[in-house]
Amino acid sequence: MPEGPSLLLLKEDIDALHLIGKKVLRIDGTNKIEADRLIGQQLKAVKTYGKNFLLCFKDFTLRVHLMMFGTYLINAEKSTKLQLSLQFEDAKINFYTTSLKIIEEDPDDLFDWSSDIMSDQWNAAAALKKLKAQPDAIIADLLLDQQIFTGSGNIIKNEALFRAGIHPLSKVASIPDKKLKELIKAVRDFSFDFLNWRRDKVLKRHLEVYEQKNKKHPHIIKEYLGKGKRGTYIWPEKQHLYV
DNA sequence: GGGCTTGTTACTGT
DNA sequence: TACAGTAACAAGCC
């Protein structure tokens, strides 16, 4: 569920319920959120920031992060531990396996939407500047850096690197500006393809390297690399290593 | 059924 | 003390 594009689909599902202006009638689940603060509150806005889903109320915002395995169901339940249920007049939203937090600050003050890969305010030039500020990093790590590419995850990392023809272990300082710009554009473009493909439930068949070892092409290899030792797929003939 | 996985944080040790 | 590396957590797919 969790990369940026999937959060937009979550927002689409919630928007379809027309809950703005509606009150929270009841909350349930194993969360440690203060129920008293939420009950009776009118939903003011629903936003996403990268992988964060934001339910905005008058004086605070509930931040829902779906982590690796987070899921949600609308007007439906499943057997795994219910973490947070928000009952509105005509609809109930159930969240499972999430990280929840009440944010006191105004989200517009707290979050910089120009780094959000899905946002209208996305600023490619700012991303380039942030990449170049870490010349010794390997590019694969920076594609997961939420300060630079807010909302990017491991699938986007792999596919964007493939599209730009850059090997994941390339050192940032060694990659020509032209290629960095190409990569930044690939992140943005792939993320919207991801959004549309996932909406149509056809994402997997369009992936070119991610989980494609021994599938799309026999030369694709898999390595665990970078800070988080995340699974990384490489088609060596097509991805140049800049060192 | 063991080994993966779209993620992040809190520890640990150096 | 700062940083890098590891463990922990979760549910579902194959």
Side-chain angles (χ1 to χ4, degrees), chain A residues 1-13 29-33 48-54 62-73 76-85 94-103 110-111 115-118 133-134 136-138 140-163 168-169 171 186-215 220-234:
Chain A
M1 196 53 233
E3 295 189 38
S6 298
L7 270 287
L8 260 67
L9 296 177
L10 166 55
K11 179 169 163 18
E12 285 179 11
D13 285 344
T30 58
N31 63 81
K32 292 172 183 167
I33 301 293
T48 66
Y49 178 66
K51 301 166 189 172
N52 299 281
F53 185 62
L54 308 172
L62 174 61
R63 188 214 64 176
V64 182
H65 196 299
L66 282 73
M67 305 298 284
M68 189 90 89
F69 312 121
T71 52
Y72 66 95
L73 290 172
E77 283 164 31
K78 61 177 180 174
S79 60
T80 51
K81 191 172 75 178
L82 174 63
Q83 194 171 24
L84 174 65
S85 168
N94 292 331
F95 287 107
Y96 305 85
T97 330
T98 60
S99 167
L100 302 165
K101 192 181 180 187
I102 297 275
I103 296 171
L110 197 60
F111 302 122
S115 70
D116 185 335
I117 57 171
M118 305 308 292
Q134 297 191 53
D136 296 328
I138 64 162
D141 280 338
L142 298 195
L143 283 162
L144 296 177
D145 186 330
Q146 299 302 299
Q147 302 295 318
I148 305 176
F149 297 104
T150 308
S152 174
N154 206 31
I155 298 175
I156 294 173
K157 176 194 87 176
N158 277 284
E159 295 291 319
L161 281 168
F162 176 73
R163 284 188 174 188
L169 286 173
K171 189 177 153 187
V187 169
R188 175 90 169 157
D189 289 348
F190 175 77
S191 297
F192 282 91
D193 286 341
F194 184 134
L195 171 67
N196 292 316
W197 288 331
R198 163 130 305 171
R199 188 191 287 114
D200 295 338
K201 304 191 194 313
V202 294
L203 175 67
K204 284 196 174 173
R205 78 176 69 148
H206 288 285
L207 297 177
E208 295 184 272
V209 286
Y210 182 82
E211 289 185 339
Q212 298 306 317
K213 187 186 174 189
N214 301 327
K215 290 182 184 168
I220 295 171
I221 57 172
K222 181 183 185 184
E223 287 181 22
Y224 293 91
L225 55 82
K227 283 183 182 169
K229 297 273 183 288
R230 302 296 299 276
T232 305
Y233 298 82
I234 309 158

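Here is how names work: the chains are called A, B, and so on, in the same order as the sequence lines, proteins then strands, and each is numbered from 1.
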Problem set entry | Ser85(A) versus Asn94(A), side-chain donor and acceptor atoms under 3.5 Å | yes
Seminar exercise, completed: Letter by letter from the 5' end, nucleotides 8-14 of chain B scores (B base, S sugar-phosphate only, - none; protein heavy atoms under 4.0 Å) S------
Exercise. Taking atom C1' in both dG5(C) and dT6(B), what distance in whole Å separates the two?
Worked result: 23 Å
Exercise. Between dT6(B) atom P and Met118(A) atom CE, what is the distance in whole Å?
Worked result: 18 Å
Exercise. Which whole-number value in Å describes the distance from Lys229(A) NZ to dT6(C) C1'?
Worked result: 10 Å
Exercise. Can you tell me how far P of dG5(C) sits from CG of Leu225(A), to the nearest Å?
Worked result: 13 Å
Exercise. Under 3.5 Å, side chain of Asp200(A) to main-chain N/O of Val202(A), donor-acceptor pair present?
Worked result: no
Seminar exercise, completed: Residue set satisfying ring pair (Phe, Tyr, Trp, His ring centres under 6.0 Å) with Phe162(A), at least two apart, ordered chain then number -> Trp235(A)
For this session: Rounded off to whole Å, could you give me the OH-to-P distance for the Tyr210(A) and dC4(B) pair?
Result: 13 Å
Exercise. Quick check: does any side chain N or O of Lys51(A) sit under 3.5 Å from a backbone N or O of Ser152(A), one acting as donor and the other as acceptor?
Worked result: yes
Problem set entry | Separation of dT6(B) P from Leu8(A) CG (nearest whole Å) | 20 Å
Problem set entry | Validation row: Leu143(A), Ile156(A) side chains within 4.5 angstrom (heavy atoms) | no
For this session: Please report, rounded to the nearest Å, how far the P atom of dT6(B) is from the CG atom of Leu203(A).
Result: 12 Å
Problem set entry | Whole-Å P distance, dC11(B) and dA10(C) | 16 Å
Exercise. Looking across every strand, which nucleic acid part, if any, lies under 4.0 Å from Lys157(A) by heavy atom: base, sugar-phosphate, or nothing?
Worked result: nothing
Exercise. Aromatic rings Phe95(A) and Tyr72(A): how do their planes relate, parallel, tilted or perpendicular, breaks at 30° and 60°?
Worked result: tilted
Exercise. Is there a side-chain contact between Asn52(A) and Leu7(A) (heavy atoms, below 4.5 Å)?
Worked result: no
For this session: Tell me whether the OP1 or OP2 atom of dT6(B) has a side-chain N or O from Tyr233(A) closer than 4.0 Å.
Result: no
Problem set entry | Distance, rounded to the nearest Å, where Tyr72(A) contributes OH and dT6(B) contributes C1' | 14 Å
For this session: Go through the structure and list residues passing salt bridge (Lys or Arg N to Asp or Glu O under 4.0 Å) with Glu211(A), not counting sequence neighbours.
Result: none
Exercise. So what is the 5' to 3' dot-bracket string for DNA chain C, if pairs are Watson-Crick or G-U wobble with both distances under 3.5 Å, crossing pairs use [ ] and | means the partner sits on another strand?
Worked result: .||||||||.||||
Exercise. With sequence neighbours left out, what residues match Tyr210(A) under ring pair (Phe, Tyr, Trp, His ring centres under 6.0 Å)?
Worked result: Tyr233(A)
Exercise. Is the shortest heavy-atom distance from the side chain of His206(A) to the side chain of Glu159(A) under 4.5 Å?
Worked result: no
For this session: Nearest whole angstrom, please: distance from the P of dG3(B) to the CD of Glu211(A).
Result: 18 Å
Problem set entry | Contact check, side chains of Leu110(A) and Leu54(A), non-hydrogen atoms, under 4.5 Å | no
Exercise. When you check the side-chain N and O atoms of Ser79(A) and Tyr96(A), is any donor under 3.5 Å from an acceptor?
Worked result: no
Between N or O atoms, less than 3.5 Å apart, protein on one side and nucleotides 10-13 of chain C on the other: list the pairs.
from	atom 1	to	atom 2	distance (Å)
dG12(C)	OP1	Lys78(A)	NZ	2.9

